[in-house]
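These numbers come from the heavy atoms of this one structure, side chains and all, not from hydrogens, waters or symmetry mates. Each chain gets a letter, A, B and so on, in the order the sequences are listed, and its residues count up from 1.
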Protein chains: 2
Amino acid sequence: MTELRWKGAGAASQAARVQPAGELYDTLAELSNHMKAHFNRVAQPFGLPSPCAKAICLIEGSISMKELGARIHCDGSFVTSIADALEERGLVRRETDHEDRRIKNLVLTRKGAELRSRLMHELFDDLPGMRNLTESERDSFLALLRKMVDPQNE
Amino acid sequence: MTELRWKGAGAASQAARVQPAGELYDTLAELSNHMKAHFNRVAQPFGLPSPCAKAICLIEGSISMKELGARIHCDGSFVTSIADALEERGLVRRETDHEDRRIKNLVLTRKGAELRSRLMHELFDDLPGMRNLTESERDSFLALLRKMVDPQNE
DNA sequence: TATTGTTATACTCTATAACTATA
DNA sequence: TATAGTTATAGAGTATAACAATA
């Protein structure tokens, strides 16, 4: 998501309903970029390409490759390469499922579980901007975010 | 920005301060993905690669290539290829700056200005989730977003 | 010498198509 | 026949390095 600098545009040239949406869009984009930068900054010292770092966050206990693809919003072929990279580094094992032998479950090794735990804590321990909000503002913010993404109301 | 499915993680396994941050992060990622999908859906019929569609939103009146690179958060060499693509389609002109002849300003053609205007209105006319919030909730949401990105408090 | 932009090239992320093995 | 995963390949998006023109 990229800012489109609606803010920079002259207010006079914008329709009344459209302008607030632009401001909201841009500020959201800015925050989301802060988060992305934060993720990369934190993940980099762990020496993983960022798709792998994301994947390892999503593997808890055991998860099929298909399910990982669904969570990460990507094609199965890309899951294969992520799994290869994580396996090479000794962070996950592929285990053929006992009930359906087509399925391979990704299981964190001890090393992988430890890395994941450190990564997650460093990521969420001090999220950009969180300290700018009071406890109750955080609650409101999360509630509003949830309302925004709620498919019930779309 | 990608969800890390903190929601799926067992609450018991997470430190008290870390978990709300994870939920906020994931919900924000979800919203930001909705926005990105919306952008691509709206921009696609215009037949521009998405970096070009973003760029055209950022060009109002006249802007140097360097400034465009700064706004789009990318390297100058990439700005060159975006400008090439936009120029080929007759959407912008390069004009050598009168005061400093190293600088090339990108200027929207009439066709470009018209495309930009249509694109922007379609983008912001019905932003995903906006209708889920009341007028005053939108104000609060924007205010909280601004607080989150405020560098003063970081 | 420093800055703006360009060219050539290479890297990262990701999808498509054809395939294997199971079901 | 349909599904899970793999392989080979290709494409988009983006950066790096060396360069030209101007300051």
| task | Give the intermediate values and the outcome of salt bridge (charged side-chain N to carboxylate O under 4.0 Å, His left out) for residues A/Glu114 and A/Arg110. | result | CA-CA 6 Å; A/Glu114 203 216 65; A/Arg110 187 171 327 112; over 6 Å; no
| note | Whichever of A/Cys74 and A/Arg102 has the more 5' nearest nucleotide on DNA chain C, that residue is A/Cys74
Once you round it to whole Å, what is the distance between [atom2] of [N] and [atom1] of [X]?
X	N	atom1	atom2	value
A/Leu106	D/dA4	CG	P	14 Å
A/His73	C/dT14	NE2	P	11 Å
B/Lys36	D/dG13	NZ	P	12 Å
B/Ile103	D/dA23	CD1	P	9 Å
B/Leu68	C/dT6	CG	C1'	15 Å
B/Lys66	D/dT22	NZ	P	19 Å
B/Ile72	C/dG5	CD1	P	14 Å
B/Leu48	D/dA12	CG	P	14 Å

| query | When you measure from every atom of DNA chain D, which of residues 75-100 of chain B have a heavy atom less than 4.0 Å away? | reply | B/Asp75, B/Ser77, B/Phe78, B/Asp100
| query | What would the secondary structure line of DNA chain D be in dot-bracket form, counting Watson-Crick and G-U wobble pairs under 3.5 Å, with [ ] for pairs that cross earlier ones and | for pairs with another strand? | reply | |||||||||||||||||||||||
| remark: Test side-chain contact (heavy atoms from CB on, under 4.5 Å), reference B/Ile59, set B/Val107, B/Ile82, B/Leu86, output is B/Leu86
| Is any side-chain nitrogen or oxygen of A/Lys104 closer than 4.0 Å to OP1 or OP2 of D/dT6? | yes
| said: Between A/Asn132 and B/Lys147 (side chain of the first, backbone of the second, donor and acceptor by atom type, cut-off under 3.5 Å), is there such a pair? | reply: yes
| Salt bridge between A/Arg94 and A/Asp84, side-chain N to carboxylate O under 4.0 Å? | yes
| field | same_hphob_cluster(A/Leu68, A/Ile103) at 4.5 Å side-chain heavy-atom cutoff | value | no
| request: Answer yes or no: side-chain N or O of A/Arg101 and base N or O of C/dT22 forming a donor-acceptor pair under 3.5 Å. | output: no
| query | Quick check: are there more than 12 heavy atoms from other residues, nucleotides or ligands sitting under 6.0 Å from CD of B/Gln44? | reply | no
For [X] versus [Y], what's the shortest heavy-atom pair and its separation?
X	Y	value
B/Val79	B/Gly69	CG2-CA, 3.4 Å
A/Ala21	B/Leu127	O-CD2, 3.3 Å
B/Cys57	B/Leu119	SG-CD2, 3.9 Å

